[in-house]
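Numbered from 1 within each chain, the chains take letters A, B, ... in sequence-line order. What's counted below: heavy atoms across the whole structure, side chains too, no hydrogens, waters or symmetry copies.
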There are 2 protein chains.
Amino acid sequence: MSEKRRLTLKDIAKELGISVSTASRALNSYPGIAEETINMVKDFAEKHNYVPNTMAVNFRKNKTMTLGIIVPELIHYFFSSVISGAIQTAKKHGYSVFVSQTDEKVSDEVIACRTLLSSGVDGLLISISNETIEGEHIREFLDEGKPVVQFDKVSDYLETPKVIVDDFQGAFKAVEHLIKQGYKNIAHIGGWADVKNSMERKRGYEAALDRYGFKIDKSYLFQCKDISEQEGYDFTKKLMELPNPPDAIFCITDIVAMGAIKYLKKKKMAIPEHIGIVGFSNWQLAGLVSPGLSSVDQHAYQMGVKAVEIMINILKGNAVCKDEAHLLETELVVRESSSLGKYSNLE
Amino acid sequence: MSEKRRLTLKDIAKELGISVSTASRALNSYPGIAEETINMVKDFAEKHNYVPNTMAVNFRKNKTMTLGIIVPELIHYFFSSVISGAIQTAKKHGYSVFVSQTDEKVSDEVIACRTLLSSGVDGLLISISNETIEGEHIREFLDEGKPVVQFDKVSDYLETPKVIVDDFQGAFKAVEHLIKQGYKNIAHIGGWADVKNSMERKRGYEAALDRYGFKIDKSYLFQCKDISEQEGYDFTKKLMELPNPPDAIFCITDIVAMGAIKYLKKKKMAIPEHIGIVGFSNWQLAGLVSPGLSSVDQHAYQMGVKAVEIMINILKGNAVCKDEAHLLETELVVRESSSLGKYSNLE
DNA sequence: CTGTTAGCGCTTTCAG
DNA sequence: CTGAAAGCGCTAACAG
């Protein structure tokens, strides 16, 4: 821990017999500086591996070249993928990323916002918690002139760019696929009625049925409360005990689908022959379990990329921080759990 | 985006008719400041919601109250759990965390280190990439007097505190459990011979067999190259085609175990009756698949907590950044895949 | 207990 | 093309 003092601009200037400002300008390749001087300074800096004091630069420029990102739960595959894309993209533009998580609690979200704000990030990327409604704490960024980009779970009260999954389209594709596979009675285990993503998926489900001339059977609809495997199990049980049980289930998310599959296996119902299953999210596990779980991929990594690109554009002044939605395409990944006969696209 | 100027200490001082330094001292509750003054300043600050300019403070104090954390892959459940624990703990002590990833490439690791160093983090938490050997780029932190704490995948060339999983113990427990369940011929699908974690797990496997008087059969040992499901599948096939196939397999990691299970299911071999399986890592999926996969939990979250605690202690001056290993206990989570008869601890 | 002063390292006017 | 000088907001001697 030998605290040896770092080389400063002043040192370079003195050593080279020039002024501090010239040294600064040379290093940053300002226009109107002799080629010669630039080389001299850069060479010297290189040789003595000068590294500018970022804190001083930040302070002076009132910019930190850092972004904050807040997610409900870092350990969710979806969010860690988004973050991964965000970090990668930010890095490409010279930005670093602070990561915070809220555990779906608005109180933690408020703290995270304050911390990030006071630590001087240049912009905020956020996916709000389930508890967040208006997001006044997020507005503080906008009040300070710092751009905010929302992604995945967004608040419509905040006028910011939003990057969201086209849940409607994803659900539509999933159900359309089931229909084309020949399934006739398609149920849906959905999520909270007041969460936008859930609503959109339900709408997509209904639209697909409608489009292909099926009518919607209320008894085929269930709503999860905490989107758990257990609920998938329980609701599937209820579905299968109906007088006219479904022959396919579109689940709000893969974990619910896993619960459904668990029940069906226990009851020795063949998947996909007796009953087809499609999930949503395309977790890693979807490809690992057997039968492989068909699922709607949300391109999470791409979402992180997109959100940061929007942010950078605003920061660079090429765009303005205004209320606009960017819909991300989904992709249906078909695996065994919904592949009937000849339509199968498996190895 | 109304760039309204923030309140500064100078503003407060002028408004209150005191000096800037008094204002500063009052806000930071220095000893030797009139109670009265403190209250006056704090009240004023509160009312006009003064928030100190962190960049200026950082610059002045030459501290940022931030930590950097570098992992090979953010999307791995293990690492995102570690990070989660690290962020939580850092927050508790007033620190924020920058997250970087290397994709297992030493070149990316070098860049990440430089970026973090120049962005002025107070300390570095790192799990090195597979390619990293000596880690000269990491040493740069130490050279600047900034503490480094390594975790999970560590380099012995660097003299820093290390938080690691007790792989030996974990493997030992796993194999001991299989033995106690009554399995007699236990195989091991392991990892690279030159990766420490893999070696330790293999040692644990061998030690357990030895301890219970089984002898080690070389034909029961396989080494994965990229630790994939496919390899689990392939090696299990080879194992089962032996003249004397094993009746249990201890897999280096859950994903390999999933491959093993896939093969066994395809061959209609009953798990755990015909063959028992134990994995390592205890991924989320281990509890979701059927049969549930027995697995060694590494307490990843706890690892993040521990690493940050060590870091904070060094930063506070309560400890010094020296070479010492902190072994984290593992925990065997028993599920269906290895639960024979009466020993079963399942619902 | 409080004010004065200096300065952290850098960028950026304003003059040459 | 380059130098001198000011100053970002805050803290920490040093004096009262």
Worksheet entry | Sequence neighbours excluded, every pair satisfying salt bridge (charged side-chain N to carboxylate O under 4.0 Å, His left out) that has a member inside residues 108-127 of chain A | A:R114-A:E140
Worksheet entry | A:L7 CG to C:dC10 C1', straight-line distance once rounded to whole Å | 14 Å
Discussion item. The criterion is side chain to side chain contact (heavy atoms under 4.5 Å, CB included); which residues satisfy it with A:V305, sequence neighbours excluded?
Written reply: A:T89, A:Y301, A:Q302, A:E309
Worksheet item: Between B:K61 (NZ) and D:dG9 (P), how many Å, whole number?
Response: 18 Å
So which protein N/O to nucleotides 6-8 of chain C N/O distances come out below 3.5 Å?
| from | atom 1 | to | atom 2 | distance (Å) |
| --- | --- | --- | --- | --- |
| C:dG7 | N2 | B:R60 | NH1 | 2.8 |

Practice prompt. Round to a whole Å and report the spacing from CE of A:M65 to P of C:dC10.
Written response: 17 Å
Worksheet item: Any idea which heavy atoms bring B:I126 and B:I138 closest together, and the distance?
Response: CD1-CD1, 3.6 Å
Practice prompt. Find the distance B:M40:CE to C:dC1:P and express it as a whole number of Å.
Written response: 14 Å
Worksheet item: Rounded to whole angstrom units, what separation is found between the CG atom of B:L9 and the C1' atom of D:dA12?
Response: 13 Å
Worksheet entry | Rounded interatomic separation in angstrom, taking CE from B:M55 and C1' from D:dC8 | 10 Å
Discussion item. So for atom NZ, which belongs to B:K162, do other residues, nucleotides or ligands contribute more than 12 heavy atoms lying within a distance under 6.0 Å?
Written reply: yes
Discussion item. The criterion is salt bridge (charged side-chain N to carboxylate O under 4.0 Å, His left out); which residues satisfy it with B:D103, sequence neighbours excluded?
Written reply: none
Worksheet item: How close or far is atom P of C:dC10 from atom CG of B:N62, stated in whole angstroms?
Response: 11 Å
Item to complete: Look at A:S19 and D:dT2 and indicate whether a side-chain polar atom (N or O) is within less than 4.0 Å of OP1 or OP2.
Response: no
Discussion item. Regarding A:D11 and A:R6, does a basic nitrogen lie under 4.0 Å from an acidic carboxylate oxygen?
Written reply: no
Worksheet item: What's the shortest heavy-atom distance between B:C113 and B:L124, and which atoms?
Response: SG-CD2, 4.4 Å
Worksheet, complete the sentence: Between A:I314 and A:P147, the two heavy atoms sitting closest are CG2-CB, 3.7 Å
Worksheet item: To the nearest 10 degrees, how far apart in direction are the end axes of the helix from C:dC1-D:dG16 to C:dG16-D:dC1, each fit to five base pairs?
Response: 40°
Within the sub-3.5 Å range, which N or O atoms of nucleotides 13-16 of chain D have a protein N or O partner, and how far apart are they?
| from | atom 1 | to | atom 2 | distance (Å) |
| --- | --- | --- | --- | --- |
| D:dA13 | N6 | B:R25 | NH1 | 3.3 |

Discussion item. How close do A:A45 and A:L27 get, counting heavy atoms only, and between which atoms?
Written reply: CB-CD2, 3.8 Å
Discussion item. Testing the basics here: between A:T115 and B:S96, what is the closest heavy-atom pair and its distance to 0.1 Å?
Written reply: CG2-OG, 3.6 Å
Worksheet entry | With sequence neighbours excluded, residues passing side chain to side chain contact (heavy atoms under 4.5 Å, CB included) with B:E159 | B:D323
Worksheet entry | side chain to side chain contact (heavy atoms under 4.5 Å, CB included) partners for B:I164, two or more places apart | B:V154, B:A325, B:L327
Discussion item. Using a strict heavy-atom distance below 4.0 Å, which residues from residues 26-39 of chain B are in contact with DNA chain D?
Written reply: B:N28, B:Y30
Worksheet, complete the sentence: In short, A:S127 meets A:K153 closest at the heavy-atom pair OG-N, 3.3 Å
Discussion item. Quick check on D:dT2: is either OP1 or OP2 less than 4.0 Å from any side-chain nitrogen or oxygen of A:T22?
Written reply: no
Worksheet, complete the sentence: Numerically ordered, the residues 43-52 of chain A set in heavy-atom contact under 4.0 Å with DNA chain D is none
Practice prompt. Indicate whether OP1 or OP2 belonging to D:dC10 is found under 4.0 Å from a side-chain N or O atom of B:S24.
Written response: no
Worksheet entry | Pairwise side-chain contact, A:K42 with A:S29, heavy-atom cut-off 4.5 Å (strictly under) | yes
Item to complete: Send over the distance from A:N58 CG to D:dC10 P, rounded to a whole Å.
Response: 15 Å
Discussion item. Please enumerate all residues that pass side chain to side chain donor-acceptor pair (under 3.5 Å) together with B:S24, with sequence neighbours excluded.
Written reply: none
Practice prompt. Go through the structure and list residues passing side chain to side chain contact (heavy atoms under 4.5 Å, CB included) with A:N318, not counting sequence neighbours.
Written response: A:N313, A:K316
